[in-house]
Amino acid sequence: MATKGIVKGIVSNLVTVEVDGPVSQNEICYISVGGVKLMSEVIKVIGKNAFVQVFESTRGMRVGDEAEFQGHMLEVTLGPGMLSRNYDGLQNDLDKMEGVFLKRGDYTFALDNDKKWDFKPLAKAGDTVSAGDWLGEVDENFQPHKIMVPFKFEGSYTVKSVAPAGQYTIHDTMAVLTDENGTDVNVTMIQKWPVKKAITCYKEKPRPFKLLETGVRTIDTVNPIVEGGTGFIPGPFGTGKTVLQHAISKQAEADIVIIAACGERANEVVEVFTEFPELIDPHTGRKLMERTIIIANTSNMPVAAREASVYTAMTIAEYYRSMGLKVLLMADSTSRWAQALREMSNRLE
């Protein structure tokens with residue numbers, strides 16, 4: 001039975017909820033405000049009180065409003081169809097939302113339910129697999145998108161059957177696996193994974209040793225970045241950090257580009273939305289957007305969603321990394337992400 005609660009206090013988007021059962025750190029709950037359910041996340045638990053940060057505006061919320069806890073952390077939906085999408089910090093598909101302004105409590109599914117994908121099996125009946133192993137692949141914008149054993153699976157499994165080559169939707173069963181107890185489990189093209197838990201399904205994690213060619217000679221010569229490493233571009237407003245990001249995104253030796261616009265001014269995000277689809281990929285001659293994912297959380301969006309946006313981008317990047325692809329993750333800007341963390345820390349005293 002799901003744990004429920006009653007709102008006892010409100011400080012901006014930090015809400016105190018008195019619960020009637022067990023809750024856990026980082027658990028998701030929905031608070032009903034005037035018939036609209038607002039997504040929230042538990043960030044502290046003291047006795048019967050759970051302190052939750054709301055990912056939306058709390059205008060109109062009252063003491064006595066009801067909350068319902070979901071029993072899981074903030075998750076992203078992983079599967080084919082994420083490339084070329086524009087998401088918000090919670091992985092809602094912005095292009096599916098109606099109107100110019102975002103409606104409070106309006107959540108959209110991250111992928112396309114109806115599109116059919118050309119599936120090719122890579123595993124066969126009798127194979128022994130574990131979390132992260134490849135069962136098959138589909139072609140996503142000219143990139144091989146691996147269908148993997150869900151990351152939540154523990155232990156080893158035996159492949160009972162794999163779907164033959166053909167066209168399938170993301171909800172069709174691609175493989176049937178048998179666990180160590182003899183129980184059959186169906187695997188589709190999609191899976192869910194918590195954003196605040198690292199994906200560890202890789203064969204090895206080598207020490208960074210290979211230079212990442214960004215295509216910008218000054219960076220490659222004076223301040224080189226390695227594959228698997230990190231780099232940063234400091235600078236005040238209007239000095240060209242975003243333009244430099246565009247140049248690196250176009251020319252860097254990477255298969256997938258993920259742009260996390262975290263706390264950016266709205267006009268800068270509009271530039272990303274309008275300019276990125278027009279950029280030509282020098283590697284393929286097609287649009288750069290075909291292998292790009294944009295996660296936008298502007299500075300006027302709720303601070304809690306801004307904090308989540310970088311975690312969402314990281315998790316999607318780790319997912320593509322598990323396919324053996326090189327992923328370039330650009331977070332703009334980490335200083336505004338730190339500002340979001342400070343705001344929540346301040347409200348928690």
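Here the structure is a predicted model, which means the values were calculated and not measured. Reckoned from all heavy atoms, side chains included, excluding hydrogens, waters and symmetry mates.
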> Is there a donor-acceptor contact under 3.5 Å from the side chain of Thr173 to the main chain of Val187?
Replying inline: no
> In terms of heavy-atom contacts, does NZ of Lys48 have more than 12 from other residues, nucleotides or ligands at under 6.0 Å?
Replying inline: no
>> Tell me whether the NZ or CZ atom of Arg291 lies within the 45° cone about the ring axis of Phe142 and under 6.0 Å from its centre.
In response: no
> Just wondering, do Asn113 and Thr169 contact through their side chains at under 4.5 Å, heavy atoms?
Replying inline: no
> Would Ile258 and Leu328 satisfy side-chain contact (heavy atoms from CB on, under 4.5 Å), going step by step from the backbone distance to the final call?
Replying inline: CA-CA 6 Å; Ile258 298 176; Leu328 177 68; over 6 Å; no
> Would you say Lys103 has more than 12 foreign heavy atoms packed within less than 6.0 Å of its NZ?
Replying inline: no
> Is it true that the side chains of Tyr107 and Glu56 contain a donor and an acceptor less than 3.5 Å apart?
Replying inline: yes
> Can a donor-acceptor pair be found between the side chains of Gln53 and Glu307 at a distance below 3.5 Å?
Replying inline: yes
> More than 12 heavy atoms of other residues, nucleotides or ligands under 6.0 Å from CD of Glu66: is that the case?
Replying inline: no
>> Please check if the number of heavy atoms outside Phe232 that lie under 6.0 Å from its CZ is greater than 12.
In response: no
> Do we see a donor-acceptor contact under 3.5 Å between the side chains of Thr16 and Asn49?
Replying inline: no
>> Would you say the rings of His145 and Tyr319 are close, in the sense that their centroids are separated by under 6.0 Å?
In response: yes
> Hey, does the side chain of Glu140 reach the backbone of Gly81 with a donor-acceptor pair shorter than 3.5 angstrom?
Replying inline: yes
> Can you check whether Lys4's main-chain N or O pairs, donor with acceptor, with Asp20's side chain at less than 3.5 Å?
Replying inline: yes
>> Using the rule given for side-chain contact (heavy atoms from CB on, under 4.5 Å), can you reason through Met148 versus Cys201, listing the C-alpha separation, both sets of side-chain angles and the distance that settles it, and then say yes or no?
In response: CA-CA 10 Å; Met148 294 177 274; Cys201 299; over 6 Å; no
> Do the side chain of Asp88 and the main chain of Asn92 share a donor and acceptor less than 3.5 angstrom apart?
Replying inline: yes
> Does the side chain of Gln167 pick up a donor-acceptor pair with the side chain of Asp118 at under 3.5 Å?
Replying inline: yes
> Between the main-chain N or O of Asp95 and the side-chain N or O of Arg85, is there a donor-acceptor pair closer than 3.5 Å?
Replying inline: no
>> I'd like to check the side-chain contact (heavy atoms from CB on, under 4.5 Å) partners of Ser32; sequence neighbours left out, ordered by chain and number.
In response: Lys37
>> Using a 3.5 Å distance criterion without hydrogens, assess whether the side chain of Gln251 forms a donor-acceptor pair with backbone atoms of Ile248.
In response: no
> Less than 4.5 Å apart, any side-chain heavy atom of Asn297 and any of Cys262?
Replying inline: no
> Does any N or O in the side chain of Thr3 come within less than 3.5 Å of the main-chain N or O of Val23, such that one atom is a donor and the other an acceptor?
Replying inline: no
>> List the residues meeting side-chain contact (heavy atoms from CB on, under 4.5 Å) with Lys160, not counting sequence neighbours, and say none if there are none.
In response: Val176, Thr178, Asp184
